[in-house]
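Written out below as structure tokens is the structure these notes cover.
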Amino acid sequence: AGKTTLMNHILTNQQGYKVAVIVNDIGEINIDAKLIEDGGYIKEEDKGNVIPLSNGCICCTLKGDLINQIVDILKTKKFDYILIEASGICEPEPIAQTISVLANSLEQYGLPDICKLDNIVTVVDSLRLVNEFGCGNNLVKENIEEEDIENLLIEQIEFCNVIVLNKVDEVSKEELNAVKAVIKKLQPTAKIIETNYAKVDVAEMIGTNNFDYEKIGESAGWLKEFEKEDNHHEEDEHEHEHEHSHDHEHHHHHNDEGETEEYGISTFVYTSRKPFVAKKFEKYIENFPKTVIRCKGLIWFTEDYDMSYLFEQAGKQITTSQSGLWLASAPKDELEQMIKAEPKIVDDWDEEVGDRMIRLVFIGKDMDKEKIIEDLNMCL
């Protein structure tokens, strides 16, 4: 996508920063570290400032190594800034968690409170994204399943402050607008910078103070769609006093803003107070609509009445995992205590099933919304 090119661009325009670089590449030989050192941008005496972390991923197996390297860099007192180039198959959130934990633990290392996560930048190859969301198959990489690539690509877009949309000259204006429409649905708050050869204003990359874990954790498009639906529900509550009554088997919120289509990209939220029948839903997801780019939310099953499940789909990757017991399954005295401590619990409470519900947000391209709703209703 151009990550190494971007790193080299930043290193040639440090604007007075003394920068150390940590590079993570999957494999026994760290190719990216060598590209940075051999790029002609780092002076010979400074080449030791490029620290390779190889044969593992800093979002999982190399977390400890990442912490140790950051601590070692801080102890030298030689640098103002640390740039981390994660592997293209890294999930950004676990890395952010690792650094945030470290920032709150510096005292135990005898270090001053000077280390914090400043910015998360995702570099996107415009042409490859056009192919990906045009149902292309050009993102297959050796030893990585295609569905994993799709899932990672979406996660990397969802969890960042800045998106560098690189190689924009390689796509048409129409294709570029379509790509941006997809990105804005997946991540509506990140700043998008269009460029070629990863040439960006360094001030947009480092020294930004842009990172806020809580805000970025709540900035993904699928979460924003839930917020819109909640707001819409509150505004119309007086008109639908019996919306969750016991004889109202399922309902669907219609949000005008969420229905706005741009380049075929649309979103909607599916909600039901009835549970899915597990076998019916399993059969449905075997042929999950290819037009759906992202789907996420809570579901429940007739076969497991008290357990909520988190459903996640990104591209071809689909997972369902336990997400905890519904509050309505708690003993009456415990439930009363919970409601007393958090009165908002009853805001969306159903007389028959309590807080149990199916709530899924769909983001896709040229989706047949009515068909999806009809098929999901058949799983109830």
Side-chain angles (χ1 to χ4, degrees), residues 1-106 109 111-123 152 155-156 159-162 164 198 200 202 204-211 213:
K3 295 195 312 297
T4 301
T5 304
L6 176 62
M7 295 286 280
N8 279 326
H9 172 69
I10 294 171
L11 290 170
T12 61
N13 298 274
Q14 289 181 9
Q15 298 182 348
Y17 285 111
K18 294 177 182 177
V19 180
V21 181
I22 296 175
V23 184
N24 178 212
D25 200 14
I26 301 301
E28 294 180 5
I29 300 173
N30 196 308
I31 301 300
D32 281 359
K34 183 168 176 57
L35 284 171
I36 290 173
E37 286 198 339
D38 293 349
Y41 303 129
I42 297 179
K43 297 177 182 177
E44 191 64 37
E45 62 268 25
D46 289 334
K47 286 196 173 182
N49 299 346
V50 179
I51 301 163
L53 294 177
S54 302
N55 208 19
C57 176
I58 59 176
C59 69
C60 43
T61 58
L62 295 181
K63 278 184 179 180
D65 289 353
L66 176 61
I67 289 176
N68 291 335
Q69 291 292 3
I70 292 174
V71 169
D72 287 346
I73 289 169
L74 291 177
K75 284 180 177 178
T76 68
K77 299 180 179 179
K78 289 172 56 179
F79 302 100
D80 307 313
Y81 213 91
I82 301 171
L83 289 178
I84 301 171
E85 180 186 355
S87 163
I89 62 167
C90 276
E91 299 171 26
E93 187 168 9
I95 302 170
Q97 289 172 341
T98 299
I99 298 171
S100 296
V101 167
L102 174 62
N104 294 323
S105 308
L106 291 174
Y109 293 100
L111 295 166
D113 185 18
I114 57 171
C115 176
K116 65 176 181 179
L117 187 54
D118 178 62
N119 205 18
I120 294 183
V121 179
T122 293
V123 185
L152 280 163
E155 286 185 8
Q156 290 168 359
F159 199 88
C160 68
N161 296 103
V162 175
V164 174
V200 299
V202 175
E204 302 277 9
M205 302 290 108
I206 61 177
T208 66
N209 291 312
N210 277 342
F211 184 80
Y213 199 100

Nearest heavy-atom approach of Asn209 to Lys116 is OD1-NZ, 2.7 Å
query: Counting only N and O atoms by type, is there a donor-acceptor contact under 3.5 Å from the side chain of Asn161 to the main-chain atoms of Asn210?
result: yes
Output for pair (Glu93 CD, Thr98 OG1), nearest 0.5 Å, gives 10.5 Å
Distance col, row Gln69:CD vs Ile84:CD1, nearest 0.5 angstrom, shows 10.5 Å
Hits for side chain to side chain contact (heavy atoms under 4.5 Å, CB included) against Asp80, two or more places apart or cross-chain, chain-then-number order -> Tyr17, Lys18
Output for pair (Ile73 CD1, Ile22 CD1), nearest 0.5 Å, gives 4.0 Å
Is there a side-chain contact between Val21 and Glu85 (heavy atoms, below 4.5 Å)? no
Is there side-chain contact between Asn119 and Val121, with heavy atoms separated by less than 4.5 Å?
yes
Inset, instruction - Report the C-alpha separation of Val200 and His9 in whole Å, then their side-chain angles, then the decisive distance to 0.1 Å, and conclude whether the side chain to side chain contact (heavy atoms under 4.5 Å, CB included) test is met. - result: CA-CA 8 Å; Val200 299; His9 172 69; 4.2 Å; yes
Original post:
Where the side chain of Thr208 meets the backbone of Asp118, is there a donor-acceptor pair that is under 3.5 Å apart?
Top reply: yes
Between Gly2 and Val123 the two heavy atoms that sit nearest each other are C-CG1, 4.1 Å
Output for pair (Met7 CE, Met205 CE), nearest 0.5 Å, gives 12.0 Å
Could you tell me whether the side chain of Gln97 reaches within less than 4.5 Å of the side chain of Tyr213, counting heavy atoms only?
yes
dist Leu66:CG -> Leu102:CG (nearest 0.5 Å) comes out at 8.0 Å
Quiz item: Do Ile10 and Leu83 pass the side chain to side chain contact (heavy atoms under 4.5 Å, CB included) test, and can you show the C-alpha distance, the side-chain angles, and the key distance before you say yes or no?
Solution: CA-CA 9 Å; Ile10 294 171; Leu83 289 178; 3.7 Å; yes
Note: Cys160 and Ile120 closest approach over all heavy atoms is CB-O, 3.5 Å
Between the CD1 atom in Ile70 and the CZ atom in Phe79, the distance rounded to the nearest 0.5 Å is 13.0 Å
